[in-house]
Amino acid sequence: MLLIYACNEPPEVLDKDIFVAEVKEAFASLRGNSNGRQDTVGIDWDNARYKEISVGDALVFPLENVSSTYVSSKDNPALYPLKNQGYAFAYKNEDETVALEYVQAIPIADTETFTGIVTVSNWNGESKHAFFYENGQLVTPESNGRTQETVCTETYTFNCTASYRGGELLHAFCTFAGTTTECITTNGPTGLAPDDYDEPGGGSSSGNLCPHPEIEGHFVPCERYDCPGGFEIVEGFEDRGCQPVCGIGQQRDEFGFCFDDKDCNVTSDSIKEAFPEIDEEDADTLAALINEYGKEFGINNVSKLHHFLGQSNHELGGFRDLNKDEDTYYTVENMLNSLPNLFSLTGTEDGLVKAADYARNSEKFANFYYSNINGNGNEASGDGYKYRGRGLFQLSGRDNYEDFEEFYNERFNTNIDFMSNPDEVSSSKEVSIISALWYFQDRVLSKIEVNNNTSVKSLTYYINSGLKGLSDREDKTEDAEASIANCIEFNVN
């Protein structure tokens, strides 16, 4: 008898540190824990992908059972589908136990590329560490010798359902499912490095996973957004996720935000009532210029007017002088009290500078403090002092002066050289106020929708990302709200 054996090539044996079966076992052990998300969010085991990280091999999994779960942050109320913002991540600890983590991107601002926090937690919901990204780039803990302030965000989770008949949406509603707070400390993240959580395979697509549209190096399922009722994806601004549908009579502006096309005017008396320190002549000037140019610069509802006045008042330190230049004169005591993350008495601590070396010298302090930011050169360039804060919004930095010069000369058909003569920004009350209106539109209103639900904190991020002086900004905006209830309507000749 002749026996013929059909020999198949044995399956390839992977030389890896971790396998799907081990992760499944670890995940199964979490079931029934009432504090965990593992009972409501699943893992797509079939689309596991290997990634090499600093401690060995890791497995990355997309999520499943999350098609109707959305997240938003306190500073960015747009709803983002959870399936597009999170994934599971597993690797081996030093003791060979499986570490199973939950990685989630939380947008906190509407920028061209991702600005927000990538949080890492275990599957019981306990935060491990977080990484802050600004315009798609990881923000390192230290910059120019300064330690980052703590950055926190609250995340709200919604469970949304919709009813359809014959393909027609009949009803949709979302229920609040919980909130968490994540922070980045001044010492920076701990544990694995941000690169360890980057998209595996060098950014290539495979199976149901595609490169994340907002976060370079991360990935999401290829099927994109699925918005609940009352929300939609705005063409050209897909990176913002699900945006509220514009109301009746509204339309979207060039930045993709809903607006009422009207002019929000104000009286000098209401400005004086909100900010008693301003003199009558300055109140008349400020009101007249807002009424003449406000609509052109996007101030078309009373909320934008409140924020503009409140932020301007804070930046200027009060409306006592509309032509004020930034005061960069600091004593040692001033520096130690207001900038403890930058200066110390001896300068021997890591990352801190001796305060006495920059005390009572406005030019030296500004050249150091503002070096290598907003287009400024290094400390020796002198840009920090030359392009210090001027105007109603305290315009600062070489890049801002250059952009404002281009705008102003084109809009008003002039040829003012703000770069060579930056004092021109505060040379007249008109230019001082125009510079603030320009900055508010170009750097703020183009990034965030502003209405009566917009918090001072979320708007302040675009003026001062460290949220410096937030309490005072909130107080000043409340002063404007208390005195200015609505936009007045009249024609300006």
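Being a predicted model, the structure only gives us computed values, none of them experimental.
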Handout entry: NZ/NE/NH1/NH2 to OD/OE distance under 4.0 Å, Arg473 and Glu315
Key =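 Judged by the 4.0 Å cut-off on N to carboxylate O distance, Arg473 and Glu315 do form a salt bridge.
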Exercise for the section: Evaluate the side chain to side chain contact (heavy atoms under 4.5 Å, CB included) criterion for residues Phe275 and Leu309: first the C-alpha distance (whole Å), next the side-chain angles of each, then the deciding distance (0.1 Å), finally the verdict. Expected result: CA-CA 9 Å; Phe275 309 105; Leu309 290 172; 4.0 Å; yes
Which heavy atom of [X] sits nearest a heavy atom of [Y], and at what distance?
X	Y	answer
Thr267	Ala287	C-CB, 3.9 Å
Arg360	Tyr329	NH1-OH, 3.1 Å
Leu445	Phe255	O-CD1, 4.0 Å
Cys487	Asn301	SG-C, 3.9 Å
Glu101	Val120	OE1-CG1, 3.3 Å
Lys468	His314	O-NE2, 4.0 Å

Look only at the side chain of [X] and the backbone of [Y], and say whether a donor-acceptor pair between them is shorter than 3.5 Å.
X	Y	answer
Asn421	Glu424	no
Asn376	Arg398	yes
Asn291	Val266	yes
Lys304	Gly298	yes

[X] side chain near [Y] side chain, heavy-atom distance below 4.5 Å:
X	Y	value
Ile53	Phe89	yes
Glu449	Cys258	yes
Asn409	Ile416	yes
Tyr401	Arg390	yes
Ser458	Thr454	yes
His307	Ile463	no
Phe259	Gln251	yes
Met419	Tyr387	yes

Practice task
Take Val332 and Phe343, measure what side chain to side chain contact (heavy atoms under 4.5 Å, CB included) needs, and give me the verdict at the end.
Solution key: CA-CA 9 Å; Val332 169; Phe343 295 101; over 6 Å; no
Can you tell me if [atom1] on [X] sees more than 12 non-hydrogen neighbours from other groups inside 6.0 Å?
X	atom1	value
Glu52	CD	no
Asn413	CG	no
Lys354	NZ	no
Glu349	CD	yes

To the nearest 0.5 Å, how far apart are [atom1] in [X] and [atom2] in [Y]?
X	Y	atom1	atom2	result
Arg388	Asn367	CZ	CG	10.0 Å
Gln250	Phe257	CD	CZ	13.0 Å
Ile373	Ser396	CD1	OG	7.0 Å
Tyr461	Lys447	OH	NZ	10.5 Å
Tyr385	Thr328	OH	OG1	5.5 Å
Asp357	Phe368	CG	CZ	9.5 Å

Problem - Sub-6.0 Å ring centroid separation between Phe297 and Phe393 - result: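 Phe297 vs Phe393: aromatic centres not under 6.0 Å.
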Are [X] and [Y] linked by a side-chain donor-acceptor pair shorter than 3.5 Å?
X	Y	result
Asn451	Ser303	no
Gln311	Thr460	yes
Glu277	Asn313	yes

Exercise for the section: Run through Lys429, Arg320, Lys324 and flag the one making a salt bridge (Lys or Arg N to Asp or Glu O under 4.0 Å) with Asp282. Expected result: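 The option that passes is Lys429.
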Problem - Given Asn323, Leu286, Val431, the one that forms side-chain contact (heavy atoms from CB on, under 4.5 Å) with Leu392 - result: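 For Leu392, the side-chain contact (heavy atoms from CB on, under 4.5 Å) test succeeds with only one of Asn323, Leu286, Val431, which is Leu286.
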Problem - From Tyr293, Phe418, Trp438, residue fulfilling ring-ring contact (aromatic ring centres under 6.0 Å, His included) relative to Tyr408 - result: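 Of the listed residues Tyr293, Phe418, Trp438, the ring-ring contact (aromatic ring centres under 6.0 Å, His included) partner of Tyr408 is Phe418.
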Handout entry: Verdict with supporting geometry, Lys457 and Leu467, side chain to side chain contact (heavy atoms under 4.5 Å, CB included)
Key = CA-CA 7 Å; Lys457 179 180 178 182; Leu467 304 180; 3.7 Å; yes
Practice task
Begin from the C-alpha positions of Glu478 and His306 and carry the test side chain to side chain contact (heavy atoms under 4.5 Å, CB included) through to its verdict.
Solution key: CA-CA 8 Å; Glu478 287 178 4; His306 293 155; over 6 Å; no
